[in-house]
Protein chains: 2
Amino acid sequence: MKLRKETANPDASAGALHGRWYRDACGTAFALEVIGERWSLLVVRELMLGALRFSDIRAGLPSISAKVLTERLAGLERAGVLRRRRLDPPVAVQVYELTEWGYLAEPLIQELGRWAARSPLHDPTLPLSPVAFMLSLRTMLDDHASLDCDIGFVIAGQTFRARLAGGDMPVTREPVDGAGAVFRAPDAALLAARFYGDVPPRALPGLVIEGDVDLAQRFVGLFALPPKAG
Amino acid sequence: MKLRKETANPDASAGALHGRWYRDACGTAFALEVIGERWSLLVVRELMLGALRFSDIRAGLPSISAKVLTERLAGLERAGVLRRRRLDPPVAVQVYELTEWGYLAEPLIQELGRWAARSPLHDPTLPLSPVAFMLSLRTMLDDHASLDCDIGFVIAGQTFRARLAGGDMPVTREPVDGAGAVFRAPDAALLAARFYGDVPPRALPGLVIEGDVDLAQRFVGLFALPPKAG
DNA sequence: CAGAATCCCATTCGATACTG
DNA sequence: CAGTATCGAATGGGATTCTG
């Protein structure tokens, strides 16, 4: 009875501000106040490879509604995870981009992915956004990869570039001109089958590899899912 | 219209099973289906240092309701994160314990805590469970700690033991007899102030250090919060 | 104490329509 | 395209009660 009003915090409308749910000083709890709302972390995921417009985010998250996306963007902005920015006059469009702190959430997204992959239950046959796939490559890259290369990706019309050097592999949104090899696929699930499944390359119609095919093969060999937990 | 019925999955009642929310093959999304419901991950956190009874979990999570805890336990059990177990006849009590996969969630909890600590906003003055504090020590331990020691903790009546050796520091629920030093405090927040705040030891009434006080001092020096992000 | 069952209000969400 | 406004339906969750 006495605690009711504290819960219904007036300024907590639709927000990801702290203190609303858990009343717990633990950092984990604080993080969950910020990105623990449904969809929040997936919105962050979509922005992890660079700023995006409202509808580009929706494209990567086909089943989020405009209302929820609007609410999450507002909450994440207030929490300091992202900011909205107007591009300069010639294009005059609004984009959402992660703050410095927001970009620091990548290890967290990776850790979730790694943990999920070890589940005895995870069966991945659903759609996958291009960004989700590119991030998964960063997560599943063999720690001891000694290859250095520059690989292009064209997935559902979006282009990315992965530059592997010294065991590190930054991924950018960039044209693929000049890459050592290029993977082209109409959707990310196809690429996931190639990189993580036991599927032989020719069994994947729609997947095209250009440039140094042998390099592409060796590149694929650098990625593997972790073993399942008992 | 045509998709409505798929959403209202009959067996998805109150559960953390996959496919209900995101329809996304990304591992991060799958993990969020499992532990992304409110409270779920904090329940896992409470169990991270060993099996617990229903009311012990509630003690660590004072503002969760019995109903919600029941639902979360059921969901996490179905998802394979924890199992319920009846102890052998003499005690005949029921406990919840993480599965092997459940225990693998610790890095994930740590990553959330680490990220939260780097937030420009995080101000930790709320209550903290003993388990949350002990886990935070494992998270914030200096990577290059070269000290080897055996430290006991008595927090709000619960006893723990941290054995630091070779940079690794397992924490168990155990009596503190024979530890090199023992910290006693009526609540975890007091210990957090000592380990992470700039508070001089004598400004913390209620905190008692027994055994090798000098060792205890050096031990405290091994823990630090990461720098804030801009 | 450990939970299941019930009741009921508050929040959330998705669909749709609307606006600059 | 980038949202906002509204509404009805589903869900969430607190309080209470009941049982072993």
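What you see is a predicted model; the values in this text were computed from it and never measured. Every chain is numbered from 1, with letters handed out A, B, ... down the list of sequences.
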- Using whole Å, report how far CG of B:Leu61 lies from C1' of D:dG14. 16 Å

- OP1 or OP2 of C:dC1 sitting under 4.0 Å from any side-chain N/O of B:Gln94? no

- salt bridge (charged side-chain N to carboxylate O under 4.0 Å, His left out): which pairs involve residues 125-138 of chain B, sequence neighbours left out? B:Glu106-B:Arg138

- State, without any angle test, whether A:Arg173 and A:Gln158 hold a side-chain donor-acceptor pair at a distance under 3.5 Å. yes

- Item | Nearest-Å distance for atom pair CG/P, residues B:Leu69 and D:dG13 | 12 Å

- Measure from CZ on B:Arg23 to C1' on C:dC13 and round the result to the nearest Å. 13 Å

- A:Arg84 has a side chain; which of C:dG14, D:dA15, D:dG3 sits nearest to it? D:dG3

- A:Tyr96: what forms a ring-ring contact (aromatic ring centres under 6.0 Å, His included) with it, not counting sequence neighbours? none

- Calculate the interatomic distance between B:Lys67 atom NZ and D:dT17 atom P; express it in whole Å. 16 Å

- Item | Interatomic distance where CZ belongs to B:Arg38 and P belongs to D:dT11 [whole Å] | 15 Å

- Nearest-angstrom distance from the residue atom CZ of B:Arg58 to C1' of C:dC1: 11 Å

- Are B:Glu174 and B:Thr159 linked by a side-chain donor-acceptor pair shorter than 3.5 Å? no

- Task: Take the protein atom CG of B:Leu76 and the nucleotide atom P of C:dG3, then report the distance between them rounded to whole Å.
- Result: 14 Å

- Message: Between P on C:dA4 and CG on B:Leu73, what's the gap in Å once rounded to a whole number?
- Response: 9 Å

- Return the 5'-most residue of the pair B:Tyr96, A:Trp39 with respect to DNA chain C, ranking by each residue's nearest nucleotide. B:Tyr96

- Task: Choose from C:dC13, D:dG12, C:dG3 the nucleotide whose nearest atom is closest to any side-chain atom of B:Thr70.
- Result: C:dG3

- Under 4.0 angstrom between A:Arg72 side-chain N/O and C:dC13 OP1 or OP2: yes

